[in-house]
Amino acid sequence: QIEGAYLEDGKGLSNWDFFTHTNSRGIDDGRNGDVADDHYHRYMEDVEIIHSLGVDSYRFSISWARILPRGRLGGVNSAGIAFYDCLIAALVKKGIEPFVTLHHFDLPHEMETRYGGWLGAGIREEFDYYADVCFKAFGDRVKYWTTFNEPNLFTRLAYVLGKYPPARCSAPFGTCESGNSHREPYVAAHNMLLSHAAAVHNYKKNYQATQGGSIGIVIAMKWYEPLTNTTEDILAARRALSFEVDWFLEPIFFGDYPREMHKLLSSNLPKFTSEEKSLLQKNKADFIGINHYTTIYVKDCISSPCDLKAYEAYEANALVLATGERDGVAIGRPTAFDGYYDVPEGMEQIVKYVNQRYKNTPLYVTENGYSQHSNDTMDKLINDVERVNYLHGYLTCLSSAVRKGANVRGYFVWSIIDNFEWTFGFTVRFGLYHVDYGTQKRTPKMSAKWYRDFLMGSRPTDQVQMLRADS
Ligand SMILES: O=C(/C=C/c1ccc(O)cc1)O[C@@H]1O[C@H](CO)[C@@H](O)[C@H](O)[C@H]1O
């Protein structure tokens with residue numbers, strides 16, 4: 001999303017490079033990540049920006065294709081290792097803890113052609129190998145690892161809706177050349193879960209004692225409010241959470257998929273062998289990362305049928321329909337991202353849910369942030385009062401969960417600088433810093449200044465009240 005340098009210094013083609021180059025209609029502005037924020041060449045400036053905010057930790061991902069351009073059989077690209085070595089050194093020198101993701105939606109394109117991507121069991125060994133190369137190369141300095149970013153969202157967009165590479169889906173969820181939206185997302189997820197377990201097992205067995213770090217996983221989590229107070233909708237809201245969150249976390253912590261998923265998906269849901277179940281349970285994640293942006297209403301589709309083509313059918317296999325409105329009134333202030341609203345209370349709810357269900361496992365809010373439309377005026381983009389209000393609200397609700405005992409260890413804003421937003425291309429902006437893609441100039445927005453003051457311990461509440469009064 002930020003690096004660019006897509007074929008430089010021996011990097012291999014990633015699934016996203018291939019997808020954006022062969023299917024630019026799949027990206028809102030037809031653009032790609034070839035250059036993005038040119039972070040590959042400007043990382044020193046970006047580390048300076050990160051440092052100036054006063055944060056003590058920075059979350060980023062490693063590009064698998066930069067480390068292993070063709071996977072395990074092609075060998076390690078030493079220039080790729082060198083890039084992350086330099087980035088990590090620059091962070092450590094400033095006292096900033098690197099918090100590293102191994103898979104953030106991208107993998108060497110060759111994994112798609114060789115194994116059918118995440119649909120083929122052969123990819124597990126590839127991921128295990130890639131993770132091992134990273135632990136070995138960076139583990140002396142990296143103490144926080146996450147295997148996967150949002151595997152739940154990734155598998156849905158790639159294999160239910162066909163919007164992310166390898167763009168597979170079936171009716172009524174979308175029109176793709178091939179795929180099966182009822183089965184493939186669960187096969188891909190199964191391989192991701194077993195890849196996660198293999199990497200965690202390796203880390204705990206061979207690295208944790210000497211390197212002293214921890215390893216976890218990051219899940220995309222909305223909060224779901226029942227549309228009406230009927231029992232059906234209340235159960236639907238729970239089911240939506242189960243299909244989104246517990247789909248990954250129950251296997252990781254308890255060794256199998258949630259009961260509701262077995263019931264509704266029956267033979268479409270793969271089965272773990274008893275060895276796999278025990279591998280999962282013996283290698284629980286050390287922490288859970290929560291990416292939380294929004295709350296939405298859900299309506300039950302078992303007792304009364306829904307038009308499952310509506311609203312992207314993201315939650316469709318759970319037989320629930322998500323909607324942002326009740327009686328024509330939006331659940332919160334809309335953002336530039338369709339279906340994402342400013343509902344700060346959801347932060348407290350989701351953190352409490354995960355904290356209770358996964359027995360006090362350390363939690364990190366690994367993403368939370370606010371999007372603007374790229375084509376707003378520079379003045380509006382820079383004076384991002386709405387983002388300040390959003391962050392203030394969500395942080396307030398997070399602190400409320402912490403005061404009530406939730407085991408939250410950290411928080412990361414999404415994101416430092418505007419960047420390539422996947423299928424939305426550059427049409428939305430999440431950064432605390434504005435990026436001019438013509439000149440690569442980074443300019444702090446009001447939110448960057450607010451966040452720095454907040455971290456430095458000034459009185460953010462008063463400031464926001466002033467901003468609210470102004471706006
Ligand atoms: O949460 C999402 C993506 C949601 C979505 C996509 C496509 C749809 O059609 C609907 C939702 O990604 C996370 O949130 C961020 C801001 O989006 C991304 O920039 C991050 O890379 C990712 O971890």
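We count residues from 1, following the sequence as given.
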Residues 264-273 side chain polar contacts: donor-acceptor under 3.5 Å, at least two apart:
from	atom 1	to	atom 2	distance (Å)
Thr273	OG1	Glu276	N	3.1

Centroid-centroid under 6.0 Å between Phe287 and Phe99 rings: yes

Side-chain donor-acceptor pair present, Asn419, Asp37, cut-off under 3.5 Å: no

Asn77 side chain to Asp9 backbone, donor-acceptor under 3.5 Å: yes

Note: Arg429-Asp376 ion pair, threshold 4.0 Å (strictly below): no

Worked check of side chain to side chain donor-acceptor pair (under 3.5 Å) between Tyr370 and Glu386: CA-CA 8 Å; Tyr370 178 90; Glu386 295 83 3; 4.8 Å; no

Partners passing salt bridge (Lys or Arg N to Asp or Glu O under 4.0 Å) against Arg409 (at least two apart in sequence or in another chain): none

Any donor-acceptor N or O pair under 3.5 Å, side chains Ser178, Arg168: yes

Aromatic ring pairing Phe83/His39, orientation class (parallel under 30°, perpendicular over 60°, tilted between): perpendicular

Donor-acceptor pair, side chain of Asp342 and main chain of Gly332, under 3.5 angstrom: no

Gln372 side chain to Lys445 side chain, donor-acceptor N/O pair below 3.5 angstrom: yes

Exercise: do Tyr257 and Glu250 side chains pair donor with acceptor under 3.5 Å: no

No-hydrogen, no-angle side-chain donor-acceptor test under 3.5 Å, Tyr144 and Glu97: no

Under 3.5 Å side-chain donor-acceptor pair for Asp38 and His41: yes

Whether Tyr164 and Phe105 hold their rings parallel, tilted or perpendicular, with breakpoints at 30° and 60°: tilted

Side-chain donor/acceptor of Asp17 to backbone N/O of Ser14, under 3.5 Å: yes

Contact check, side chains of Tyr364 and Ile288, non-hydrogen atoms, under 4.5 Å: no

Ile416 and Ile49: CA distance, side-chain angles, deciding distance, side chain to side chain contact (heavy atoms under 4.5 Å, CB included) verdict: CA-CA 8 Å; Ile416 304 289; Ile49 287 173; 3.8 Å; yes

Donor-acceptor pair between Asn368 and Tyr411 side chains, under 3.5 angstrom: yes

Check: Tyr293 ring centroid to Phe430 ring centroid under 6.0 Å: yes

Expected output: side-chain Lys143 to main-chain Gln211 donor-acceptor under 3.5 Å: yes

Residues Arg442 and Asp418 bridged, charged N to O under 4.0 Å: no

CD (Glu8) with more than 12 external heavy atoms under 6.0 Å: yes

Asp246 and Tyr358: side chain donor to acceptor below 3.5 Å: yes

Side chain proximity check, Asp256 to His262, heavy atoms < 4.5 angstrom: yes

Backbone N/O of Ser57 and side chain of Arg59: donor-acceptor pair under 3.5 Å: no

Parallel, tilted or perpendicular: rings of Trp422 and Trp16 (30°, 60°): tilted

Qualifying residues under side-chain contact (heavy atoms from CB on, under 4.5 Å), relative to Pro108, sequence neighbours excluded: Trp64, Ala65, Met111

Test item: side-chain donor near acceptor, Tyr207 and Asp132, under 3.5 Å: yes

Plane angle bin for Phe148 and His103 - parallel if under 30°, tilted between 30 and 60°, otherwise perpendicular: tilted

Check: Tyr203/Asn283 side-chain N/O donor and acceptor closer than 3.5 Å: no

Proximity of Trp247 and Tyr186 rings by center, below 6.0 Å: yes

pair Ser374-Phe424: side-chain heavy atoms closer than 4.5 Å: no

Test item: Lys284 side-chain N/O and Phe253 main-chain N/O as donor-acceptor pair under 3.5 Å: yes

Near-ring test Phe248/Phe243, centroid separation under 6.0 angstrom: no

Side-chain touch Val343/Tyr394, heavy atoms, less than 4.5 angstrom: yes

Backbone N/O of Thr146 and side chain of Thr101: donor-acceptor pair under 3.5 Å: no

No-hydrogen, no-angle side-chain donor-acceptor test under 3.5 Å, Glu3 and Tyr43: no

Geometric class of the Tyr130/Phe127 ring pair [parallel <30°, tilted 30-60°, perpendicular >60°]: perpendicular

Arg124 backbone acceptor or donor facing Asp128 side chain under 3.5 Å: no

Donor-acceptor under 3.5 Å (Ser24 side chain, His21 main chain): no

Within 6.0 Å of CZ in Arg70, more than 12 heavy atoms from elsewhere: no

Chi angles and distances behind the side chain to side chain contact (heavy atoms under 4.5 Å, CB included) call for His434, Met378: CA-CA 9 Å; His434 175 275; Met378 185 65 178; 3.5 Å; yes

Backbone N/O of Asn32 and side chain of Thr20: donor-acceptor pair under 3.5 Å: no

Any side-chain donor near an acceptor of the partner, Asn291 and Thr366, under 3.5 Å: yes

